[in-house]
2 protein chains.
Amino acid sequence: MAARYQQIAQELREAIRQGEYAIGTLLPSEGDLAARYAVSRGTVRQAVAVLEQDGSVAARQGARRVVLGEVPTHSFAEMQSFSMWATSRGHVPGAKVLSVEVGAARQEEADRLRINVGDDVVRLQRIRTLDDEPVMVERSFFPGLVAEHILAMDLTAGSITEQLTALGFVHAHGDHLIDAVSATTLEARLLGVRRGSPLLRQRWLASSPTGQPLAWSEDSYRHDAVIINVRNSMSANTLARLSARS
Amino acid sequence: MAARYQQIAQELREAIRQGEYAIGTLLPSEGDLAARYAVSRGTVRQAVAVLEQDGSVAARQGARRVVLGEVPTHSFAEMQSFSMWATSRGHVPGAKVLSVEVGAARQEEADRLRINVGDDVVRLQRIRTLDDEPVMVERSFFPGLVAEHILAMDLTAGSITEQLTALGFVHAHGDHLIDAVSATTLEARLLGVRRGSPLLRQRWLASSPTGQPLAWSEDSYRHDAVIINVRNSMSANTLARLSARS
DNA sequence: CAGTGGTCTAGACCACTCG
DNA sequence: GAGTGGTCTAGACCACTGT
């Protein structure tokens, strides 16, 4: 059963979506909401903090909260899994395996997965499709910890993330590096675009609740297939702009 | 004066940075920290919530928090301003104005800035440089609300965001759309790259604390100049992957 | 089982916004 | 100055982790 504050957050989200609290208008005060839901002010604050986090309402000390609007909410799981994302948007996801191998970790792989050079890693390359159309080239690396599970999976079925979760390897954190690259000759052929065509590259590390790296992946998307959306604010900032060159 | 919980968060961040709490080890319990800092458990929870938000520590019910590591923290202001970002990284930012004009808002501009078609907008195009090297083409649009201020500014001095902030127009929220595009002939010439070369495009809306749009900008970076970093987690997700085509 | 984080309460005072 | 959000306290009980 979800916590009371989460229920309240959900009800408020719903109310905003249905126009009960219109965009640009003020949310009731914390005291009013506490009375309405018969909870303490602390619980109300937890609830509205969720909406502030989403960027759905804005808070300023001394004034009532402003409704910013409904935001396209994406669960963490949808962001971590190509298959879940595709399915939730009404597309049929697919995967074609190009290669799978077990090997000794090279320096970069060891750094990314926080293991030692020479430790086992599984390397996997796949083409990912949306409705049978190729949209992304995926190069993934997994630490020895999950190697046997990866090798035992049906890698064309789609979501490795979901299968790992079912085995108890929960993805709790993600760290993403996003840039633009030119399609190599191979990538161009696989994706059906011209060589040198722009690709949106998303390199990311998934970690367990204890911070243990579970997977590193380099995903290169056709530029016409995907747009990444990030929201931030003075109170919640997880976004940074890095120099590509030292 | 900063709140007590912010001071504590800062001290903990510092302690992690200096290796007092090593990566992978456990943070002291909330009770211990409360005693150590002579505050209530609630205040300690506010402090560690800040670190969890940053992705610097991970929490799991029933177990002590795990130290994930120091994270490259970027203030919200640095993300919103090219100049502040460049300066904080030791580069010299520059700007060259290509054009400035006031006009009647077209449909798309009106939608982005939440104004009416035909209302005043300021359109500004600039080349942004790092150490005198062109790295980004910027196309910005401002609503009538701030038009007179924009026109009165020295637009080659760099940060419009900072100048607007000084005038009381605080940027409190950001909403970013990130994708990859091909350089047009004009962009290629301005940036010194080949036509068709990949650019990392970041389109974003900045809003005031009340949700009032203050600026919309389309920034196209040379692909070798910038990488965007985003962190998310099960408890804090502001990241979404959108389809480029409906 | 003991320890620990997650949720909730009731009350207090302060800082800020706005009419 | 009244209203409202921001901070902090002290205490309670529950849910989960690990030994």
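Chain letters run A, B, ... following the sequence lines, proteins first, then strands; residues in each count from 1.
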Under 4.0 Å from OP1 or OP2 of C/dT7: is there any side-chain N or O of A/Thr43 that close? no
Among C/dT7, D/dG5, C/dT4, the nucleotide that comes nearest once only the side chain of A/Arg65 is considered: D/dG5
Applying side-chain contact (heavy atoms from CB on, under 4.5 Å), run through B/Glu108 and B/Arg112 and close with a yes or a no. CA-CA 6 Å; B/Glu108 197 204 335; B/Arg112 299 294 188 191; 3.4 Å; yes
Taking A/Arg65 first and then A/Glu30, would you say they form a salt bridge - that is, a charged N and a carboxylate O separated by under 4.0 Å? yes
Taken to the nearest whole Å, CD/A/Gln6 to P/C/dC8 is 8 Å
Roughly how many Å is it from CD in A/Glu52 to P in D/dG5, rounded to a whole number? 10 Å
Write down the atom of A/Arg123, the atom of A/Gly103, and the distance for their closest heavy-atom approach. NH1-CA, 3.8 Å
Report yes or no: do B/Ser140 and B/Ser217 form a side-chain donor-acceptor pair below 3.5 Å? yes
Electrostatic pair B/Arg203-B/Asp179, nearest N-O below 4.0 angstrom: yes
Charged N-O contact under 4.0 Å between B/Arg139 and B/Glu218: no
So what does A/Arg4 hit on the nucleic acid, given a heavy-atom distance under 4.0 Å: a base, only sugar-phosphate, or nothing? sugar-phosphate
Whole Å only: how far is the CD atom of B/Glu30 from the C1' atom of D/dC8? 15 Å
Within the 6.0 Å centroid threshold, strictly below: B/His171 and B/Phe76: no
Nearest-Å distance for atom pair CG/P, residues A/Leu27 and D/dT4: 12 Å
Can you tell which of C/dG5, D/dT4, C/dC8 lies closest to the side chain of B/Arg45? C/dG5
When rounded to whole Å, the CG to P distance for the pair B/Leu51 and C/dG5 reads 13 Å
Can you check the A/Gln46 CD to D/dG5 C1' distance for me, whole Å? 16 Å
Reading nucleotides 10-19 of chain D from 5' to 3' and marking B where a protein heavy atom lies under 4.0 Å of the base, S where only the sugar-phosphate is that close, and - otherwise, the string is --B--BBSS-
Length of the line joining B/Tyr37:OH and D/dT9:P, which is rounded to integer Å: 14 Å
